[in-house]
There are 2 protein chains.
Amino acid sequence: MQDPTETGGEPSPGLVSTAIQAITQHIRSEGLAAGDPLPSEAAMTRQLNVSRTVVREAFRSLSAMRLIDMSAGRRATVAKLDTGAMSMVIEHGITTQQISVHQVYDVRRTIEMRTVALAALRRTEAEAAAIAQSARLMRENFQNPEIVMEHDIAFHEAIAAASHNPVFSLIVTAFSGVTRRTWVIGWRTRSSSEDQLKMIKGHEDIAEAILKGDPRLAAEHMAQHFDKSVKALLDAGIA
Amino acid sequence: MQDPTETGGEPSPGLVSTAIQAITQHIRSEGLAAGDPLPSEAAMTRQLNVSRTVVREAFRSLSAMRLIDMSAGRRATVAKLDTGAMSMVIEHGITTQQISVHQVYDVRRTIEMRTVALAALRRTEAEAAAIAQSARLMRENFQNPEIVMEHDIAFHEAIAAASHNPVFSLIVTAFSGVTRRTWVIGWRTRSSSEDQLKMIKGHEDIAEAILKGDPRLAAEHMAQHFDKSVKALLDAGIA
DNA sequence: GATAACAACCTGTCATACAGGTTTCAAGGG
DNA sequence: CCCTTGAAACCTGTATGACAGGTTGTTATC
């Protein structure tokens, strides 16, 4: 039925994929930035000569990946960089057992040894304070694992942010979901309060090294932190 | 009437988001693995008591993130781990100028210093051969930049695969799109054939170190490779 | 028992309809 | 003149029905 001069020749694995490409292509060719509005569904429908169903599924797909923002009544807009899609991919890999928690931790260790060094070199005063603040809140709430975990996650994300490289932030944040699922296990393995406080001390050491601007020391503390975390997970039988 | 507390809001007021969660939840609770079939759209429609439109947009969204595979006539199936979504996020960040090529290279350098060390430790004979093969093909086709680039990308992906950690593969592959867009620029900066061959020699050194099983040497060569690549991009004026 | 036609089911796409949110702009009141 | 107000125009969210075409299992035929 529809035969609008297929340019290029790709027999198309589906009209929706074509529409998705058209939209991303539009963003690129128009040089749109985060917040800029996209064409309406109706306009896209006319331009591509397909039904609104197809255009809509394309928009919705991009929205699911958080490349665009949609909300009722308003045109879709280009989205700010967001972890949404990435964390879903990681989660999917974990739940379908295609990747293991241990493998994620190896990647985290690799990346965070770098973010912490960069943070020590590039952090602003405010960022150093935020990092130290998270560590302090971990200690103050150390009886409540859930709260400690949230501050732990915030701690690592703050370090990534202080690296001033959003790609690192993106990846670190994408792993936070996995952390939420396994953190408590590692915490329980640290049977004594002493062990738990020692682990919190590790965070404070990292924060301090960042504050002092010593990348080598910061990386060293981070490595120790991860080695202990991985060991705790291994002791708990997490593959 | 603006409510800035909207960012990162969890309360998704859409039926589609609910449906997406229901599907991923189904995968989790049923313990599905890659290749397993999902309920049909009709079944989901009944279960969630929403229209097929909604269910379909949910399926399509998951398909766009490559969490599930869809094809006409057949039920959707759980997908194998794939880079699709991740590379789109990275591309989006680049095209909307929220991240720079330089930042991507810093992340690549960080990750590939690790993958190359792991590859040296864990590679099979076949993997070592594949890596060396890519390096050889780079040399054999060194007059043709496009082909050299493809083998370069294959080279790095093969190293990631040899690390035996799919998360590394995932990330490295996600960056390949960026490489395709900037590689030629770096190549041109290496004005003389001599420089270009020197760069290929760098790849061969890496391959050899992996074959010898020397992680420290491999990482060192990889670091040099990236330092030169970044310098080439900087010389070309890429931010 | 093998094979070919068929029926049941499934996804891909289209058309239409309507509810509800958002923006725009002009008319009316201060 | 400015501000408020309200309606119209536009937009997205969801539902329904229809049909084409692919896939699979079953049955009838050889």
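A, B, ... follow the sequence lines: proteins, then strands. Residue 1 opens every chain. Just so it is clear, the model here is predicted, and its values are computed rather than measured.
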Next item on the list: Look at the side chain of T53(B) and the base of dA15(D), then say whether one donor and one acceptor between them are separated by less than 3.5 Å.
Entry: yes
Notebook entry, point to check: How close or far is atom P of dT13(C) from atom CG of L48(A), stated in whole angstroms?
Noted result: 12 Å
Check: Between R108(B) and T179(B), is any side-chain donor less than 3.5 angstrom from a side-chain acceptor?
Finding: yes
Next item on the list: Just compare dG12(C), dG13(D), dT14(D) and give me whichever is closest to any side-chain atom of A72(A).
Entry: dG13(D)
Margin query: From CG of D69(A) over to P of dC11(D), roughly how many Å is that when rounded to an integer?
Written below: 19 Å
Next item on the list: Round to the nearest Å and state the distance from R46(B) atom CZ to dA15(D) atom C1'.
Entry: 17 Å
Next item on the list: Go through the side-chain N and O atoms of E127(A) and H164(A) and say whether any donor and acceptor fall under 3.5 Å apart.
Entry: yes
Margin query: Using side-chain heavy atoms (C-beta onward) and a distance below 4.5 Å, is N165(A) in contact with R114(A)?
Written below: no
Notebook entry, point to check: In whole Å, what is the span from the CZ atom of R52(A) to the C1' atom of dC18(C)?
Noted result: 11 Å
Next item on the list: Identify which nucleotide among dC14(C), dT12(D), dG12(C) has an atom closest to any side-chain atom of E41(A), counting heavy atoms from C-beta outward.
Entry: dT12(D)
Notebook entry, point to check: Touch check for S40(A), heavy atoms < 4.0 angstrom, all strands: base, sugar-phosphate only, or nothing?
Noted result: sugar-phosphate
Check: Between H156(A) and D152(A), is any side-chain donor less than 3.5 angstrom from a side-chain acceptor?
Finding: yes
Next item on the list: Could you tell me the separation between the CZ atom of R60(A) and the P atom of dT14(D), rounded to a whole number of Å?
Entry: 6 Å
Next item on the list: Find which nucleotide of DNA chain C each of E57(A) and G73(A) is nearest to by heavy atoms, and output the residue with the more 5' nucleotide.
Entry: E57(A)
Margin query: Measure CG/L15(A) against P/dT13(C) and give the value in whole Å, please.
Written below: 4 Å
Notebook entry, point to check: Is there a donor-acceptor contact under 3.5 Å linking the side chains of Q133(A) and R136(A)?
Noted result: yes
Item checked: Side chain of R74(A) (C-beta onward), nearest among dT22(C), dT16(D), dA15(C) -> dT22(C)
Next item on the list: Measure the distance from CZ on R75(A) to P on dT12(D) and round it to the nearest whole Å.
Entry: 8 Å
Next item on the list: Rounded off to whole Å, could you give me the CZ-to-P distance for the R56(B) and dC10(C) pair?
Entry: 14 Å
Note to self: Given dA15(C), dT14(D), dT23(C), identify the nucleotide with an atom nearest to the side chain of V16(B).
What the structure shows: dT14(D)
